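Structure first, then comments.
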Amino acid sequence: MPRYDRFYSTLVRGIKASDIRELLKIVEKGGVISLAGGLPDPSTFPREAIAEISREVVEKYGEKALQYSPTRGVSYFLESLRRFAGEIGVSVADSDGLMATVGSQEALYLVGAAFLDPGDYVVTEEPAYLGAIQAFRMRGARFLTVPIDEDGMRTDILEEMLRRARSEGLVDRIKMIYTVPTCNNPSGTTLPGDRRRHLLELASEYDLLVVEDDPYSFIAFEQRDVKPLKTLDGEGRVIYMSTFSKILAPGLRLGWVAGPEELISKMELVKQNIDLHTPSLTQYIAAEAINRGVIRSHLPRIREVYRRKRDIMLKALEGYMPPGVRWTKPVGGMFVWVWFPEEVNSRKLLERAVEKGVVFVPGDAFYPNGGGENTARLNFSYPSPEELREGVRRLAEALKEMLASSRG
Ligand code: PMP
Ligand code: G9A
């Protein structure tokens, strides 16, 4: 057998497996309760509507829906999306570029490939979305991380950090602020209006792009009076991305990105070389789901399902966790963020938890510069109510055993 490592590129040598994706493999084998990956509750998929729409799309638009299509996206989809974005509060100007992507994960990859060189800095919250860390790290990016509180990124610390970077002559290597300002993954926090404005002022002062990743604001179960950064952007600095994964179905692999035309056209160039275009068929299906009101009528149900599940998880944490454990109370999204007592290493805890039949994502995965060893992200959208209670009970049991042996 050849020694395959001779063939590996420098790029692939540098990639560390995603904890979220690796844990999915354990879960797929069955027998384990997963509080790990952020999978939507399958009961929220409008299955009948998608079945009906799929058949009709093939019958009515088959010639185009089954054909290759432009890299930007199918115009029927893009026109429907532009209208829909306006309805849900995301201002996409006529002059803005808009592009269909294979999930927002591809949009993250395209941002990295179009705007980041090895050694460039991305500023992000800590903890930050792992999929973005992975996509940017693959480009050789470095990270400047800003701590959060219950309102998300501490923009006062961001200001301080940028000032220091300027005095150290680093600021030219800082390209962008990447943020999930609404119902953050992994922390569940939402950035208030004053911090949003502060963030945009700093982006302007330090001449940075802002990448706003927004999969969850449409399914927030406790509404906050906040506007997307894209809507507040007076200068054309924000690249906005969202997805149909949480409001329709992730298996469609359909996301989108909107922003200054010049920037989107650079991302389009990269996309031409990756996958030619986003599947035509799924764009037609989503366009019909928008235009027939399927998504709009479905959102209240999705919000209700996740609000209930969040409540069940919070109650279970309240009931089972030993003293010294703290957690967030998310207003949307799919995750609760947990701080264990300082002496707990959550990767060690995960080993015990797997033995008890429950998995979660160790929090350090979301810290690009290290740290967070005593934290964890727990998903509440996918498990059933019984699994939520039982999963938290098993996790608490593993934790108590670990604490007893380390303190004993
Ligand atoms: N960004 C964030 C913040 C997410 O939570 C997710 C999904 N977990 C994604 C991007 C990627 O989603 P998709 O590729 O399915 O659109
Ligand atoms: O399955 C995935 O990778 C998407 C979910 C992301 C997450 O758990 O944050």
Side-chain angles (χ1 to χ4, degrees), residues 15-28 34-42 44-45 73 81 99-112 122 124-136 148 152-153 177-191 211-220 228-229 239-258 271 274-275 278-279 282-283 286 295 302 306 330 332-337 359-363 365-368 376-383:
I15 300 177
K16 182 174 162 287
S18 154
D19 285 300
I20 295 175
R21 301 257 105 216
E22 293 300 304
L23 286 164
L24 267 185
K25 292 185 197 163
I26 300 184
V27 174
E28 287 231 306
S34 176
L35 308 177
L39 308 188
D41 183 327
T44 65
F45 303 153
L81 177 61
M99 183 163 67
T101 57
V102 180
S104 42
Q105 190 62 37
E106 187 189 41
L108 290 169
Y109 178 83
L110 298 176
V111 162
V122 175
T124 188
E125 52 264 289
E126 178 181 275
Y129 175 53
L130 176 60
I133 298 173
Q134 297 269 113
F136 299 153
I148 61 162
M153 189 189 283
I177 302 172
Y178 163 78
T179 179
V180 182
T182 311
C183 311
N184 182 275
N185 176 3
S187 68
T189 54
T190 291
L191 202 67
V211 176
E212 179 177 29
D213 185 0
D214 187 26
Y216 301 109
S217 65
F218 318 121
I219 55 165
L229 296 167
I239 298 175
Y240 176 92
M241 59 182 69
S242 189
T243 176
F244 286 83
S245 289
K246 326 288 165 161
I247 57 176
L248 199 53
L252 294 172
R253 304 307 303 125
L254 183 59
W256 53 284
V257 59
K271 184 169 165 68
I274 295 177
D275 53 18
T278 302
T282 58
Q283 294 181 64
I295 298 181
I302 301 179
Y306 293 154
M334 303 180 158
F335 310 101
V336 171
W337 186 254
V359 293
F360 62 88
V361 185
F366 303 91
Y367 283 66
R377 191 193 74 173
L378 306 185
N379 168 263
F380 58 79
S381 57
Y382 183 69

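Counting starts at 1 for both ligands and their atoms, in listed order. Fair warning: this is a prediction, and the values are worked out from it, not measured in the lab.
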Under 4.0 Å, heavy-atom basis, I'd like to know which part of Gln105 is in contact with ligand 2: side chain, backbone, both or neither. neither
protein heavy-atom neighbour closest to atom 5 (O) of ligand 1 works out as Tyr216 OH, 2.6 Å
Among all the protein's non-hydrogen atoms, which is closest to atom 12 (O) of ligand 1, and how far away is it? Ser104 OG, 3.4 Å
Just to verify, which of Trp337, Tyr129, Phe335 counts as forming a ring pair (Phe, Tyr, Trp, His ring centres under 6.0 Å) with Phe366? Trp337
To check your reading of the model: name the closest protein heavy atom to atom 15 (O) of ligand 1, its residue, and the distance in Å. Ser245 OG, 2.6 Å
So is Asn185 polar-close to ligand 2, meaning N/O to N/O under 3.5 Å? yes
Find out whether Pro181 and Glu212 are in side-chain contact, i.e. whether some heavy atom of one side chain is under 4.5 Å from a heavy atom of the other. yes
With nothing but distance in play, are any N or O atoms of Tyr178 less than 3.5 Å from an N or O of ligand 1? no
Contact between ligand 2 and Gly37 is defined here as a heavy atom of the residue under 4.0 Å from a ligand atom; is it met? yes
Does a donor on one side chain sit under 3.5 Å from an acceptor on the other, for Tyr178 and Asp213? yes
Atom indices of ligand 2 within 4.0 angstrom of Tyr129 heavy atoms, with elements: 6 (C), 9 (O)
Run the contact test for Pro215 against ligand 1 with a 4.0 Å cut-off on heavy atoms, strictly below, and give the result. yes
For a salt bridge (charged side-chain N to carboxylate O under 4.0 Å, His left out) check, start with the C-alpha distance between Glu28 and Lys25, then their side-chain angles and the critical distance, and finish with the verdict. CA-CA 5 Å; Glu28 287 231 306; Lys25 292 185 197 163; over 6 Å; no
Measuring from atom 8 (O) of ligand 2, which candidate in Gly333, Ser34, Gly38, Ser18 has the nearest non-hydrogen atom? Gly38
Measure the SG-CG distance between Cys183 and Leu191 for me, rounded to the nearest 0.5 Å. 11.5 Å
Within less than 4.0 angstrom of ligand 2, does Arg377 place any heavy atom? yes
Judged by non-hydrogen atoms, does Phe244 sit under 4.0 Å from ligand 1? no
Considering only protein heavy atoms, which is closest to atom 1 (N) of ligand 1, and at what distance to one decimal place? Asp213 OD2, 2.6 Å
Identify the closest protein heavy atom to atom 1 (O) of ligand 2: which residue and atom is it, and at what distance? Arg21 NH2, 2.6 Å
Who's the nearest protein heavy-atom neighbour of atom 9 (C) of ligand 1, and how far? Tyr129 OH, 3.4 Å
Examine ligand 1 and decide if any of its atoms is less than 4.0 Å from a heavy atom belonging to Arg253. yes
Can you spot which of Ile133, Leu23, Leu130 makes a side-chain contact (heavy atoms from CB on, under 4.5 Å) with Ser18? Leu130
What residue and heavy atom of the protein are closest to atom 8 (N) of ligand 1, and at what distance? Lys246 NZ, 3.1 Å
